[in-house]
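So you know, we letter chains A, B, ... as the sequences are listed, proteins then strands, and number each from 1.
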Number of protein chains: 2
Amino acid sequence: MKDIKHFLRQNSLRPTKQRVIIANYLFDGINKHVTAETLSNELLKMKAGISLATIYNTLHDFYEKGLLKKLMINSERIYFDTNTEHHHHFYSKKDQKLIDINVDMKVSGLPKPPKNKKINKIEVLVHLDN
Amino acid sequence: MKDIKHFLRQNSLRPTKQRVIIANYLFDGINKHVTAETLSNELLKMKAGISLATIYNTLHDFYEKGLLKKLMINSERIYFDTNTEHHHHFYSKKDQKLIDINVDMKVSGLPKPPKNKKINKIEVLVHLDN
DNA sequence: ATATCAGTTTAGAATGATTCTAATGTATTG
DNA sequence: CAATACATTAGAATCATTCTAAACTGATAT
């Protein structure tokens, strides 16, 4: 991402110091899965003194603007994904780690959705053993 | 379930008053998705004075014995499923409701799992729009 | 039956992720 | 550069869940 400030403005987000730092980290071209906690740790490493409250606010602001996806992986914390394309995941419970599946997969044999309901999207989570 | 006490004993669970009540409710032949909260509400309706702590304990005990499945649906609470067969779900965020998909589905185009990892199971969650 | 003891239940405290509050700070607009 | 709308923050509050430790109960041996 060359011009983060411009990028934030384009998404109706004021380019504050904190948002610039966080956006620079998140949108550096490498897709990431973060939680408030892991992001906080990264920011601590780079000595950006950003409060936890701001980290939560920013993740949600980015999510509201569609810059992040929320993942429903487990009930212990919320995962945010910088890859907002439709895609699937491997999940290793042991490592508490997610890996993107970027190839196209097809699900066949799907039954009709209940009356008056339409399918929005299909998410496949492939659990790994070890 | 005719003999709940026997059923509990078979699963190395002492048939206490509370467990019998909860098992009777959960394993009445109709598959259910419950959270500690929804289960607590049901039990309140039937005036079973069972503490929340016991509800949590019991759900986990049943889970440990493989009588319930844990579902990772959202990050707000833990869902338990009385259907322990491998199956998939429709999920309506709006209704906060899960519907079992009991037909066989196939996922094709799956990439190889990462080195030294083996696929344990594949979970498909079909998000509904409305 | 009864005593014993391991396994259970429970109220209430503790925890941990997240959200809220309200005071202070800062980007934007005119 | 003043005004103001939006952001940040520390710390309190919230909420689901887990823990603690005391009281209780089902199973087993006597």
Using side-chain hydrogen bond (donor to acceptor under 3.5 Å, both in side chains) as the criterion, list what pairs up with [X], not counting sequence neighbours.
X       : value
B:Asn41 : none
A:Thr54 : A:Ser51
B:Ser40 : none

Query raised in the report: Can you check whether B:Gln18 has a side-chain N or O nearer than 4.0 Å to OP1 or OP2 of C:dT10?
Result: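 For B:Gln18, the contact criterion (side-chain N or O under 4.0 Å from OP1 or OP2 of C:dT10) is met.
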Query raised in the report: Within less than 4.0 Å of OP1 or OP2 of C:dT19, is there a side-chain N or O belonging to A:Tyr56?
Result: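 For C:dT19, OP1/OP2 do not have a side-chain N/O of A:Tyr56 under 4.0 Å.
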Query raised in the report: Listed by chain and number, what are the ring-ring contact (aromatic ring centres under 6.0 Å, His included) partners of A:Tyr79, not counting sequence neighbours?
Result: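 Here no residue qualifies.
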Query raised in the report: Who pairs with A:His60 by ring-ring contact (aromatic ring centres under 6.0 Å, His included), at least two apart in sequence or on another chain?
Result: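 For A:His60, the residues satisfying ring-ring contact (aromatic ring centres under 6.0 Å, His included) (neighbours in sequence not counted) are A:Phe80.
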Query raised in the report: So, A:Lys121 and B:Asp129, do they make that salt bridge, N to O below 4.0 Å?
Result: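 Judged by the 4.0 Å cut-off on N to carboxylate O distance, A:Lys121 and B:Asp129 do not form a salt bridge.
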Query raised in the report: Listed in order of residue number, which residues of residues 32-50 of chain B have a non-hydrogen atom at under 4.0 Å from DNA chain C?
Result: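 Hits under 4.0 Å, by residue number: B:Gly49, B:Ile50.
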Report task. Not counting sequence neighbours, which residues clear side-chain contact (heavy atoms from CB on, under 4.5 Å) with B:Thr84? List them please. Result ->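 Partners of B:Thr84 by the side-chain contact (heavy atoms from CB on, under 4.5 Å) criterion come out as none, since no residue qualifies.
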Report task. Take nucleotides 20-30 of chain D nucleotide by nucleotide from the 5' end and write B, S or -, depending on whether a protein heavy atom sits under 4.0 Å from the base, only from the sugar-phosphate, or from neither. Result -> -----BBS---
Query raised in the report: According to the salt bridge (charged side-chain N to carboxylate O under 4.0 Å, His left out) rule, which pairs have a member within residues 43-65 of chain A, sequence neighbours left out?
Result: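 Checked against salt bridge (charged side-chain N to carboxylate O under 4.0 Å, His left out) - neighbours excluded - the pairs reaching residues 43-65 of chain A are A:Arg19-A:Asp61, A:Glu42-A:Lys45.
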**Report entry** Residue pairs involving residues 78-91 of chain A (criterion salt bridge (charged side-chain N to carboxylate O under 4.0 Å, His left out); sequence neighbours excluded)
**Finding:**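 For residues 78-91 of chain A, and leaving out neighbouring residues, there are no salt bridge (charged side-chain N to carboxylate O under 4.0 Å, His left out) pairs at all.
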Query raised in the report: Can you list every pair that meets side chain to side chain donor-acceptor pair (under 3.5 Å) and has a residue in residues 105-114 of chain B, with sequence neighbours left out?
Result: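 Every pair satisfying side chain to side chain donor-acceptor pair (under 3.5 Å) with a residue in residues 105-114 of chain B: there are none.
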Query - Axial bend angle, the helix from C:dA1-D:dT30 to C:dG30-D:dC1: five-pair end segments, nearest 10° - result: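 Answer for the end axes of this duplex: 30°.
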